[in-house]
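Count residues from 1 along the sequence. Hydrogens, waters and symmetry mates play no part in the numbers below; they use all other heavy atoms, side chains included. Keep in mind it's a predicted model, so treat the numbers as computed, not measured.
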Amino acid sequence: MENARRTQAVLTARRAGLVACTTCGRVYQPDRPSCGRCGSALSSRDTASLQRVWAWLIAGMVAYLPANIYPMLVTSTFGRKQENTIIGGVAELFDHGSWGVALIVFFASVIIPIGKFIAIGYLAISVRSPDAMRGRGRQHLYEVVEFIGRWSMIDVFVVAILAALVQLDFVASVNPGTAAVSFALSVAFTMISAQNFDPRLIWDAYEADDT
């Protein structure tokens with residue numbers, strides 16, 4: 001049964017001798033230069049996709065390092081200044097008994113970014129290897145990376161809201177630290193990296209699995 005499933009080829013647009021518009025999804029013959037519906041350029045594959053993916057991914061990883069070294073939040077209470085890194089803030093929340101908030105911050109600031117780095121890197125590598133995760137698994141992984149991208153800025157949003165609300169002169173003030181900018185850049189770079197990934201490459205690797 002498994003052998004029969006493996007020998008059943010998935011019919012992709014490329015196998016059918018067609019090319020699809022990545023903007024609106026309309027399908028054309030491969031000799032057409034642009035989409036008649038939205039005007040986007042048509043190409044069977046984005047040959048420079050992986051180069052851009054790696055470039056933006058490496059930039060995101062580089063920006064993530066200072067995001068964990070420098071303070072994310074700078075608080076001042078009655079003239080006393082305190083600086084907290086991401087991990088330091090999580091530890092302090094645990095010490096104050098706010099376990100739920102600490103877990104959310106840890107998950108959004110550490111687990112999700114590192115998971116995205118690994119997932120995008122794996123996708124970029126796996127499309128070159130027919131022995132990696134099969135096509136549908138890679139597609140689901142790509143969709144997960146695209147979905148969680150919108151939640152990656154939760155720390156930056158919290159810092160921005162606190163900085164806007166807590167400005168009581170000498171009594172108390174909250175300001176974003178250097179890490180906030182680095183973290184925002186890291187998230188933006190990884191989102192751009194994921195968006196530059198051509199998901200049609202997944203199905204090329206899937207066809208290699210079927211052969």
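- In terms of the ring-ring contact (aromatic ring centres under 6.0 Å, His included) criterion, residue partners of F117 (sequence neighbours excluded) are, by chain and number, Y64.
- Under a hydrophobic-cluster definition in which Ile, Leu, Val, Met, Phe, Trp and Tyr are linked whenever side-chain heavy atoms come within less than 4.5 Å, directly or via other members, M61 and L50 are assigned to the same cluster.
- Summarising the geometry of A179 relative to P66, their closest heavy-atom pair is CB-O, 4.0 Å, with the distance given to 0.1 Å.
- C38 approaches C35 most closely through the heavy-atom pair N-SG, 3.5 Å.
- For the atom pair CG of L123 and CG of D198, the computed distance is 12.0 Å after rounding to the nearest 0.5 Å.
- With sequence neighbours left out, the side-chain contact (heavy atoms from CB on, under 4.5 Å) criterion links V144 to I148.
- The side-chain contact (heavy atoms from CB on, under 4.5 Å) check on L103 picks up F94, with sequence neighbours excluded.
- Between atom CZ of residue R52 and atom CD1 of residue I192 there is a gap of 11.5 Å, rounded to the nearest 0.5 Å.
- The cluster map of Ile, Leu, Val, Met, Phe, Trp and Tyr, joined by side-chain heavy atoms under 4.5 Å apart, puts I111 and I87 in the same cluster.
- To the nearest 0.5 angstrom, F197 atom CZ is 10.5 Å from W54 atom CH2.
- Here the shortest heavy-atom pairing between V145 and I120 reads CG1-CG1, 3.9 Å.
- Heavy-atom minimum distance, Y142 versus A194: CE1-O, 3.7 Å.
- For Q195, the side-chain contact (heavy atoms from CB on, under 4.5 Å) partners are E146, not counting sequence neighbours.
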For residues 180-191, please give each side-chain donor-acceptor pair under 3.5 Å, one per line with the distance, not counting sequence neighbours.
from: S186; atom 1: OG; to: G60; atom 2: O; distance (Å): 2.8
from: T190; atom 1: OG1; to: S186; atom 2: O; distance (Å): 3.0
from: T190; atom 1: OG1; to: V187; atom 2: O; distance (Å): 2.8

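- Clustering ILVMFWY residues whenever any of their side-chain heavy atoms sit less than 4.5 angstrom apart, transitively, puts I114 in the very cluster that holds V53.
- Note on I112: it clusters hydrophobically with I118, by side-chain heavy-atom contacts below 4.5 Å among ILVMFWY residues.
- Between the T85 side chain and the P71 main chain, no donor and acceptor come within less than 3.5 Å of each other.
- F107 and I86 fall within the same hydrophobic cluster, defined by Ile, Leu, Val, Met, Phe, Trp and Tyr side-chain heavy atoms under 4.5 Å apart, directly or through other members.
- Under a 4.5 Å side-chain heavy-atom cut-off, the cluster of Ile, Leu, Val, Met, Phe, Trp and Tyr residues that includes I58 is completed by V62.
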